[in-house]
Amino acid sequence: MGDCITGSDPGRTVLFLNGPNLNLLGTREPDTYGSTTLSQVQETVAKTAAEHDLTARFVQSNHEGVLIDAIHAARTECGAIVINPAGFTHTSVALRDALAAVALPTVELHITNVHRREEFRHHSYISAVADALIVGAGTHGYVLATLHAAHLLSR
């Protein structure tokens with residue numbers, strides 16, 4: 001699990017959660033997911049967040065419970081969540097329930113357009129509790145999600 005915190009105002013902190021296999025971003029199926037690494041994504045997000053007076057916190061895990069624990073902690077430590085649940089999108093009622101329980105503004109993110117992929121990828125347990133959904137914008141989707149989180153927190 002990677003965790004990076006810059007800044008300290010919980011209301012201006014955005015938790016960026018990345019699910020299983022995203023630690024392999026940049027090397028895993030580059031024709032599908034691109035060649036940008038997760039570290040590079042996090043660097044870009046941190047800069048974008050700072051431009052909007054936000055702090056970025058990053059957690060990546062291949063373990064569902066770690067992600068749930070991070071969501072629970074966000075309840076008092078963050079103002080919004082951006083989540084790329086990866087494979088847990090289609091299977092995890094527990095992640096969905098954790099997001100619903102903390103009731104923070106949430107952006108669901110997918111690097112690829114999941115609706116143009118295999119049928120099983122078309123259903124998301126997360127979408128029903130997300131304020132916005134960004135799909136198919138590649139790793140640039142993280143920048144878009146950061147901007148939308150800034151918008152949600154400015155309301």
Side-chain angles (χ1 to χ4, degrees), residues 1-4 13-49 51-52 54-74 78-153:
M1 170 174 79
D3 190 5
C4 174
T13 299
V14 180
L15 173 62
F16 289 82
L17 286 176
N18 285 285
N21 300 310
L22 287 166
N23 56 306
L24 300 177
L25 197 58
T27 59
R28 174 185 173 229
E29 301 177 66
D31 290 343
T32 301
Y33 299 104
S35 59
T36 304
T37 67
L38 187 56
S39 292
Q40 291 169 322
V41 167
Q42 290 174 344
E43 204 173 291
T44 300
V45 164
K47 288 177 188 172
T48 304
E51 291 169 1
H52 295 275
L54 295 174
T55 296
R57 175 181 293 180
F58 304 101
V59 175
Q60 185 284 322
S61 182
N62 297 318
H63 305 281
E64 187 177 34
V66 171
L67 298 173
I68 292 167
D69 288 343
I71 292 167
H72 290 176
C78 299
I81 297 173
V82 172
I83 183 169
N84 182 342
F88 290 141
T89 303
H90 327 290
T91 63
S92 184
V93 172
L95 276 177
R96 178 249 177 253
D97 288 350
L99 289 165
V102 301
L104 291 172
T106 300
V107 178
E108 179 182 357
L109 165 67
H110 299 283
I111 294 168
T112 65
N113 182 345
V114 293
H115 303 289
R116 294 182 70 181
R117 298 187 61 194
E118 303 92 339
E119 183 71 28
F120 73 89
R121 295 186 194 277
H122 298 184
H123 178 266
S124 168
Y125 284 103
I126 307 306
S127 294
V129 295
D131 296 284
L133 177 61
I134 298 172
V135 299
T139 55
H140 180 66
Y142 285 88
V143 172
L144 299 174
T146 305
L147 296 174
H148 195 65
H151 170 73
L152 291 171
L153 291 174

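Computed over heavy atoms, backbone and side chain alike; hydrogens, waters and symmetry mates excluded.
Pairing each heavy atom of Gly79 with each of Leu153, the nearest pair is O-CD2, 3.3 Å. Here the shortest heavy-atom pairing between Cys78 and Leu15 reads SG-CB, 3.9 Å. Between Ala145 and Val82 the shortest heavy-atom distance is CB-CG1, 3.6 Å. Minimum interatomic distance between Ser127 and Leu133 (heavy atoms only, all atoms of both residues): OG-CD2, 3.8 Å. Heavy atoms only, all atoms of each residue included: Gly19 and Gln60 are closest at O-NE2, 3.0 Å.
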* side chain to side chain contact (heavy atoms under 4.5 Å, CB included) between Thr91 and Tyr125, worked out -> CA-CA 7 Å; Thr91 63; Tyr125 284 103; 5.6 Å; no
* Asked: Taking it one step at a time, do Val14 and Thr146 satisfy side chain to side chain contact (heavy atoms under 4.5 Å, CB included)?
  -> CA-CA 8 Å; Val14 180; Thr146 305; over 6 Å; no
* How far apart are the C-alpha atoms of Tyr33 and Thr139, what are their side-chain angles, what is the distance that settles it, and do they pass the side chain to side chain contact (heavy atoms under 4.5 Å, CB included) test? -> CA-CA 8 Å; Tyr33 299 104; Thr139 55; over 6 Å; no
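For the 3.5 Å distance criterion, the side chains of Asn62 and Glu64 fail to qualify, holding no donor opposite an acceptor.
For His140, the ring-ring contact (aromatic ring centres under 6.0 Å, His included) test picks out no residue, with sequence neighbours left out. Looking at residues two or more places apart in sequence or on another chain, you find a side-chain contact (heavy atoms from CB on, under 4.5 Å) between Glu43 and Lys47.
At least one side-chain heavy atom of Ile71 sits less than 4.5 Å from a side-chain heavy atom of Leu99. Phe16 is not listed as a side-chain neighbour of Gln42, based on a closest heavy-atom distance of 4.5 Å or more.
Distance alone, capped at 3.5 Å, places no donor-acceptor pair between the His123 side chain and the His90 backbone. Under the 3.5 Å distance criterion, the side-chain polar atoms of Thr89 are matched with a main-chain donor or acceptor of Ala86. At distances below 3.5 Å, not a single donor-acceptor pair connects side-chain atoms of Glu108 with backbone N or O atoms of Asn84. Within the 3.5 Å criterion, the main-chain N or O of Thr106 finds a donor-acceptor partner in the side chain of Asp131.
Heavy-atom neighbours of His115 NE2 from other residues, nucleotides or ligands within 6.0 Å: above the threshold of 12.
Rounding to the nearest 0.5 Å gives a distance of 5.0 Å between CG of Leu104 and CD1 of Ile81. Here Ser124 contributes atom OG and Leu95 contributes atom CG; the two are 10.0 Å apart, rounded to the nearest 0.5 Å. One distance of note links CZ of Phe58 with CG of Leu17; it measures 11.0 Å at 0.5 Å rounding. Taking CG of Asn18 as the start and CG of Leu109 as the end, the distance is 7.5 Å to the nearest 0.5 Å. One finds the CG atom of Leu67 at 6.0 Å from the CZ atom of Phe88 (value rounded to the nearest 0.5 Å).
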Side-chain donor-acceptor pairs of residues 20-27 under 3.5 Å, sequence neighbours excluded:
from, atom 1, to, atom 2, distance (Å)
Thr27, OG1, Leu24, O, 2.9

